[in-house]
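First listed ligand is number 1; within each ligand, the first listed atom is number 1. On a predicted model such as this, the values are computed, not experimentally measured, just so you know.
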Amino acid sequence: MNAERLTIPINPMPDSDRLPHALYRAEQVRNLDRCAIAQYGIPGIELMNRAGEVAYRILRERWPDARDLTVLVGVGNNGGDGYVIARLARAEGLAVRLLQLGDPQRVTGDAAISRDAWRDAGGTIEPYRGLPRRSDVLVDALLGTGLERPVEGLWAEAIQALDRQRAPVLAVDIPSGLHADTGRVMGVAVRADVTVSFIGLKQGLFIGAGPEYCGEIRFSALSIPARVYAGEVASARRIDWDQQAARFGRRPRTAHKGTFGHLLVIGGAPGLSGAVRLAGEAALRAGAGLVTIATHPAHSAWLNLSRPELMVSAVETSADLDPLIARADVVAIGPGLGREAWGRDLWESVLGLDLPMVVDADALNLLAESPRSGSDWVLTPHPGEAARLLGTDIAAIEQDRPAAVHALQGRYGGVVVLKGAGTLIRSDPLRPFAVCSDGNPGMATAGSGDVLTGVIGALRAQGLDAEDAACAGVCLHAAAGDRAARMGERGLVAGDIIAALRPVANRVPALQEDS
Ligand SMILES: NC(=O)C1=CN([C@@H]2O[C@H](COP(=O)(O)OP(=O)(O)OC[C@H]3O[C@@H](n4cnc5c(N)ncnc54)[C@H](O)[C@@H]3O)[C@@H](O)[C@H]2O)[C@@H](O)CC1
Ligand SMILES: Nc1ncnc2c1ncn2[C@@H]1O[C@H](COP(=O)(O)OP(=O)(O)O)[C@@H](O)[C@H]1O
Ligand SMILES: [K+]
């Protein structure tokens, strides 16, 4: 690959039917709504009608044979969208049951207008007392971005009942019970087959439990003017390999191995040699020109037998590192480093270096023991390492991953990659953080993080800065994981991700036999 510095714009509007890249917090989407209404004169009821129409169109497209619809509405504007959907469905001759949670007298504003329009069209409102025995599709219009406390009582019962029945569920704007900013489940949440989101994509759809609850995500900006978005800087940006691959052009015909950088991978205490071996091979497959592994003498002699392209050096103490560091462009440290004297000595010796670094695994655990801030490093903690780095527990990290990655970056500097489903990348605290929406649970397997370390190190060695290497590396790794998962998620091993790196990095279409 030939890496180029490239500014990739964040588009708030969808291009064709692809999802936009800009993500927002609930409060920001409310600002966008308000701006469209106040400054561009689009009445709120018009937005609600458009939202209902879009959701209904997607419902018909996805389930053209549906005849019996059950719509669950709450008392806010999310419920307002639900009345519109119910009215449109009834007008087309579908049998619609509308079940109300909360007191319909509490419905006000645009939602009340939609409620009345539903009644005027002959629709009835039944208080929710349980789901009908059968429906072809259920619409979840209970709670949207106005969710403000854990879901309890009858509301929680209704959501659990949705979970138990077998018909597909379309969630309006966001699955009810999912927190729009963190993707946290607020007690219980609707597990949707399709989620249709409006105006701005909520970041919680892609973070935390979001990917488990949203099903397929569809989006409509409800035709509000593009200028509305100029006033609101996205809180996050969704990244994927399709977009990040634009950084990589054709390799110059005159290239030599020095063109693509020299990565030094440090780690592999006795018994942990596999981790450096995986990181090293992944780096070669992600296009690094040269890769040297600095590892324990216990296994250095045979480490490269299965991959002779790797250079392997035995390091007894940190003094042995000096000549290797002198030849390296980038250092990746941590895979299999251990926390014994050997690993500590190596970690301490690289701390003062003026070289780009990728810091992973046990190096992160050692960093947690004596915290310090760096500027030119990429830290790649999984939630367990993140918890140690912040002196908290994993549950606290997972509850609010955006806050965790923000705190990590604040305390440790550089670029922080918080791994897991919906990996987050945070560099400059004033700019949107990134969320990778590729990847799959097949990648939850030993050594998969070591592969990522090698990939990010390789991209840095090829000239990308820390943030670009982290974003492109996470996406390349995830896309390779997705390609490897064509053969099934269960039983996927880290080596399968490595094998997929090369075709994905070169954008070679998948062969029939891959799938
Ligand atoms: N102009 C607009 O503002 C638009 C809004 N739209 C819809 O409006 C939604 C936001 O509407 P709202 O701000 O009214 O909020 P919601 O409809 O999400 O809910 C707010 C209501 O639910 C109650 N509530 C909050 N948490 C609860 C809980 N755990 N259990 C029970 N009740 C709870 C609140 O007290 C409030 O009465 C969006 O998600 C979207 O669906 C769309 O119609 C597009 C246009
Ligand atoms: N459910 C998932 N969806 C997407 N990516 C995942 C999922 N589970 C794990 N991954 C990715 O796999 C890698 C696992 O890394 P890590 O936990 O460090 O594993 P190890 O320590 O075994 O190498 C991370 O990049 C992570 O983001
Ligand atoms: K909803």
- request: Before signing off on this row, confirm whether His382 and ligand 2 have an N or O atom pair separated by under 3.5 Å.
  value: no
- request: Report yes or no: does a heavy atom of Thr445 sit under 4.0 Å from some atom of ligand 2?
  value: yes
message: For Ile217, run the side chain to side chain contact (heavy atoms under 4.5 Å, CB included) check against Val196, Val194, Leu201 and tell me which one passes.
response: Leu201
message: Under the side chain to side chain contact (heavy atoms under 4.5 Å, CB included) test against Ile498, which residue among Arg285, His477, Arg307 passes?
response: Arg285
query: So which bit of Val75 gets within less than 4.0 Å of ligand 1, heavy atoms only: side chain, backbone, both or neither?
result: side chain
statement: At under 4.0 Å between heavy atoms, what of Ala111 touches ligand 1? The answer is neither
field: Sub-4.0 Å atoms of ligand 1 with respect to non-hydrogen atoms of Ile37
entry: 1 (N)
statement: Restricting to heavy atoms, the pick from Asp81, Asn49, Ile42 nearest atom 6 (N) of ligand 1 would be Asp81
message: Please list the nearest protein heavy atom to atom 45 (C) of ligand 1 with its residue and the distance rounded to 0.1 Å.
response: Leu47 CB, 3.7 Å
Residue and atom name of the nearest protein heavy atom (relative to atom 14 (O) of ligand 1), distance in Å to one decimal: Asn77 N, 2.8 Å
task: For Pro441, counting its heavy atoms only, list the atoms of ligand 2 lying under 4.0 Å from any of them.
output: 1 (N), 2 (C), 3 (N)
task: Compare all side-chain heavy atoms of Val107 with those of Gln100 and state whether any distance is below 4.5 angstrom.
output: yes
Aromatic Phe433 / basic Arg237 pairing, under 6.0 angstrom, 45° off normal: no
